[in-house]
Protein chains: 2
Amino acid sequence: MTKPNLLMIVPEKWSSLWTAGLDNSPVRPLVHGQDRYTPGSIDYVLSFRPPPGLLKTLPNLKAVFSLGAGVDGFLADPDYPKQVPLVRFVDNTLSAEMAQFVLLHVLMHHRHQRLFDAAQAQRKWRQMVLPRRTEDTRIGFLGFGEIGRVTARHFVDLGFPVSAWSRTRKDAPGLKSFAGEGELETFLAQTDILVCLLSLTRQTAGILNAKTFAALPKNAFVINVARGGHLIEKDLIAALDAGHLCGAVLDVFEIEPLPDSSPLWRHPKVTVTPHIAAISQPAVAVQYVIDGIAKFERGEKPDNIVDVETAY
Amino acid sequence: MTKPNLLMIVPEKWSSLWTAGLDNSPVRPLVHGQDRYTPGSIDYVLSFRPPPGLLKTLPNLKAVFSLGAGVDGFLADPDYPKQVPLVRFVDNTLSAEMAQFVLLHVLMHHRHQRLFDAAQAQRKWRQMVLPRRTEDTRIGFLGFGEIGRVTARHFVDLGFPVSAWSRTRKDAPGLKSFAGEGELETFLAQTDILVCLLSLTRQTAGILNAKTFAALPKNAFVINVARGGHLIEKDLIAALDAGHLCGAVLDVFEIEPLPDSSPLWRHPKVTVTPHIAAISQPAVAVQYVIDGIAKFERGEKPDNIVDVETAY
C-alpha cells in the first residue's frame with residue numbers, strides 16, 4: 001500500500017522538527033519549497049497560513065490540517081477549496097500551555113513581580129501588602145472556548161472573580177457569562193485584566209481598539225494571546241501612554257516576526273513574547289496528523305472539523 | 001465591660017495598618033515600643049517574632065497570636081511561657097497567596113520568561129518550543145500541609161508530575177508521597193523544581209544544604225518560601241556556581257531585610273523577593289485576631305492552637 005502524501009507548508013525550522021516524527025509513520029511527508037512534488041500527488045496538507053491560492057492548485061486534496069487551534073490563516077485564503085475538510089488542532093497540551101502562559105502573565109502583573117525585579121537590581125527590600133486584593137481583581141476573557149474553560153478554572157480556584165464574553169452564553173463553575181454585542185460594554189466595564197482568546201473572524205478583527213479600551217476601568221491590563229489581527233496597535237499605545245491602561249502582554253502580532261521598527265518592542269508597559277503562548281509539541285502534533293489521516297483513509301472523519309463558512 | 005488589651009509586637013509599618021482595623025473593635029490595641037502599658041494589663045499578644053524573654057514578663061497573658069502561618073519566631077524564644085496557648089494564622093487567603101507566588105515563579109522558570117524578556121530588550125524574535133515538556137518537569141514539595149495541598153492541586157491540573165516529602169505519608173489527587181528521613185534522597189532524585197514549604201524546626205533547619213542539592217538532578221531549580229533558616233546560603237551559591245542548580249527564588253532569609261552586603265542580591269541565577277509570598281491582608285488578619293480573642297473570652301478555644309513542644 002502506498003503511503004498518503006502530506007505536504008507541509010510551514011517555516012523551515014518547524015518542518016525539520018516535524019519530518020523527524022513522520023519518518024517512520026504511515027504518512028509520507030513532503031516539504032513545500034524544499035521537496036519536489038506534482039500537485040496531483042498531494043493527499044493532505046499541514047499548515048498554519050498557506051500562501052493564498054496554493055491549496056486550490058492541489059486537485060486531489062482530501063483534507064487540510066491546521067498547525068494551530070486558530071484557522072484564520074486558511075480562511076484568509078479567498079480561494080480555499082470549500083469542499084475540502086479543514087481540521088483544527090485541539091489538544092489538551094495546547095490548552096494547558098495556553099493556561100500556563102495566561103496564569104504566568106496575570107500573576108506577574110497582579111503580584112508586581114517586575115517591581116520586585118527592579119527593587120532587587122537596586123538591592124532594595126521593598127516589602128508591601130499587594131495593593132489590590134485577589135478577590136477585587138476581575139479577570140475577563142474575550143472569547144470562551146476550550147482554552148478559556150481550562151484557564152478560567154485556575155483563576156476561580158485562586159480566588160479571582162472571573163467573567164467571559166462570547167457569542168453565546170456559557171456555563172462554567174464560578175463564571176459570570178456575558179453574551180453578544182449588546183453585553184460587551186457591560187463586560188468590559190467590570191474587567192480589570194482582559195484576556196483575548198477569540199478566534200479571528202470578520203466580526204472579531206480589530207476588537208481590541210480605542211473604544212474597547214475606553215470601556216475598561218482605569219488601570220486595566222490587557223493580554224492578547226489570540227491573533228495580531230484582533231489588536232489595533234496604535235490604539236493600545238495611545239491608551240497606555242494616556243495612562244488609561246497600565247500594561248499589556250502581547251504574544252501575537254499583525255506581522256510576525258514583529259518588525260524591528262515596531263514601537264511595541266521598547267514600550268515600557270508592553271511585554272512582547274514571540275508567539276509562544278501555546279506551541280504544539282512536535283510529537284503531539286505529529287500524532288494528531290497521523291491519527292487524522294488514518295481516520296480519513298478509513299473513510300471516517302476526525303473530530304474538530306471546522307465549518308469553513310462560519311469559522312467555528 | 002472593659003476591652004481586653006492586645007499588645008502588638010510588630011514592625012511599625014505593620015502596626016499602623018493593623019491598629020486602623022482594630023480601632024472600633026471589641027479589642028484595645030497597644031503597640032510595643034510606642035504605647036505605654038503595664039505588663040500585668042496585657043491579655044493577648046500579636047506578633048511574628050517577639051524579642052526573646054518579653055512574653056514571660058507578661059503575668060496575665062491569656063494567649064499569643066502569630067502573624068504568620070509559621071510559629072518558629074515564638075519557638076526561638078527559650079523563655080516562651082509554655083502554659084500560654086499559641087495560635088497559628090491559617091486562612092485560605094494566605095494559602096491562595098502562597099499558591100499564586102509558587103505558580104508564578106515555577107511558570108516563570110518553566111516557560112523561560114526571563115529569556116524572552118532579555119530577547120525583547122534586544123528586539124529579538126526568539127520563538128522556540130519549550131525545551132522541557134510540562135509532563136517531564138517534576139515539581140517536588142518539601143513539606144506538605146494546607147499550603148502544599150492548595151498549591152499542588154494547580155500543578156497537577158496543569159499537567160506537571162507532582163510529589164511531596166513530609167513526616168507522614170500524604171494522600172492527595174495526583175500526588176506521589178514520600179515520607180520520613182529514609183525517603184528524602186529518593187524524593188530529591190526525582191525532583192526538577194524543589195519548593196520548600198516546611199515549618200522551621202530543629203529537624204528542618206538547614207535542610208536546604210549541599211547534600212540536598214547534590215541529591216537533586218542536574219539543572220534543578222529551588223524555591224524557598226518557608227524560612228531563611230532552612231537554607232545554607234553558601235551551599236546554594238556553590239551549587240549554582242558549579243552549574244548543578246540552574247536557579248533559585250528566595251522569598252525568606254536568615255536576616256530580614258536581606259543585608260545590602262548579601263551576594264544573593266546580585267547573583268544572576270537568584271531571584272530575591274522581600275518576604276511577600278503570602279502577606280496577610282490586614283483586614284483578614286485583624287478579623288482572625290478579633291474572632292480568636294472572642295473565643296478565648298467566651299471560654300472556648302480557637303482552631304489552630306500550636307503544640308509548643310513539637311511545633312505542629
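Proteins get letters first, then strands, A, B, ... in listed order; numbering begins at 1 in each. Quantities reported herein were computed from a predicted structural model and do not represent experimental measurements.
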Student: Write down the atom of B/Gly21, the atom of B/Val286, and the distance for their closest heavy-atom approach.
Tutor: O-CG1, 3.6 Å
Student: Supply the atom-to-atom distance B/Asn219 CG to B/Asp192 CG, rounded to the nearest 0.5 angstrom.
Tutor: 9.0 Å
Student: Enumerate by number any residue of residues 143-152 of chain A whose heavy atoms lie under 4.5 Å from heavy atoms of chain B; in the absence of such residues, state 'none'.
Tutor: none
Student: I'd like to know whether NZ of A/Lys269 has more than 12 heavy-atom contacts from other residues, nucleotides or ligands below 6.0 angstrom.
Tutor: yes
Student: Examine distances only and state if a side-chain atom of B/Ser66 and a backbone atom of B/Arg88 form a donor-acceptor pair shorter than 3.5 Å.
Tutor: no
Student: Under 4.0 Å between a Lys/Arg side-chain N and an Asp/Glu carboxylate O for B/Glu97 and A/Arg111?
Tutor: yes
Student: Counting only non-hydrogen atoms closer than 4.5 Å, can you tell me which residues of residues 126-138 of chain B sit against chain A?
Tutor: B/Arg126, B/Gln127, B/Met128, B/Val129, B/Leu130, B/Arg133, B/Thr134
Student: Between A/Phe155 and chain B, which part of the residue has a heavy atom less than 4.5 Å away: side chain, backbone, both or neither?
Tutor: neither
Student: Let me confirm one number: the OG-CZ distance from B/Ser262 to B/Phe253, rounded to the nearest 0.5 Å.
Tutor: 7.0 Å
Student: Just so I understand: if I count every heavy-atom pair under 4.5 Å between each of A/Pro257, A/Gly159, A/Ala96 and chain B, which residue has the most?
Tutor: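 Of the options given, most contacts go to A/Pro257.
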Student: Give the member of B/Leu158, B/Thr273, B/Val106, B/Leu258 that has the highest number of heavy-atom pairs under 4.5 Å with chain A.
Tutor: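 The residue among B/Leu158, B/Thr273, B/Val106, B/Leu258 with the greatest pair count is B/Leu158.
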Student: Given a strict heavy-atom distance threshold of 4.5 Å, which part of B/Ile279 is in contact with chain A: side chain, backbone, both, or neither?
Tutor: side chain
Student: Quick one: of A/Met108, A/Gln113, A/His110, who has the most non-hydrogen atom pairs under 4.5 Å with chain B?
Tutor: A/Gln113
Student: Taking side chain as everything from C-beta outward and backbone as N, CA, C, O, which of these in B/Ala121 sits under 4.5 Å from a heavy atom of chain A? Side chain, backbone, both or neither.
Tutor: backbone
Student: Where do B/Pro50 and B/Gly73 come nearest, in terms of heavy atoms and distance?
Tutor: CD-O, 3.8 Å
Student: So, for A/Ser25 and A/Ile290, which heavy atoms are closest and what is the spacing to 0.1 Å?
Tutor: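 What the structure gives for the nearest pair is CB-CD1, 3.5 Å.
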Student: Salt bridge check, A/Asp72 against A/Arg49: does any charged N sit closer than 4.0 Å to a carboxylate O?
Tutor: yes
Student: Is there a donor-acceptor contact under 3.5 Å linking the side chains of A/His105 and A/Asp251?
Tutor: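 A/Asp251 and A/His105 do not have a side-chain donor-acceptor pair below 3.5 Å.
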Student: Are A/Asp117 and B/Arg114 within salt-bridge range, i.e. N to O under 4.0 Å?
Tutor: yes
Student: Counting heavy-atom pairs under 4.5 Å with chain B, which one of A/Val270, A/Leu103, A/Thr271 comes out on top?
Tutor: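 Most heavy-atom pairs under 4.5 Å with chain B: A/Thr271.
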Student: Mind telling me whether A/His154 and B/His154 have parallel, tilted or perpendicular rings, with 30° and 60° as the class edges?
Tutor: tilted
Student: Quick one: does A/Trp265's side chain have a donor or acceptor within less than 3.5 Å of a partner on A/Pro259's backbone?
Tutor: yes
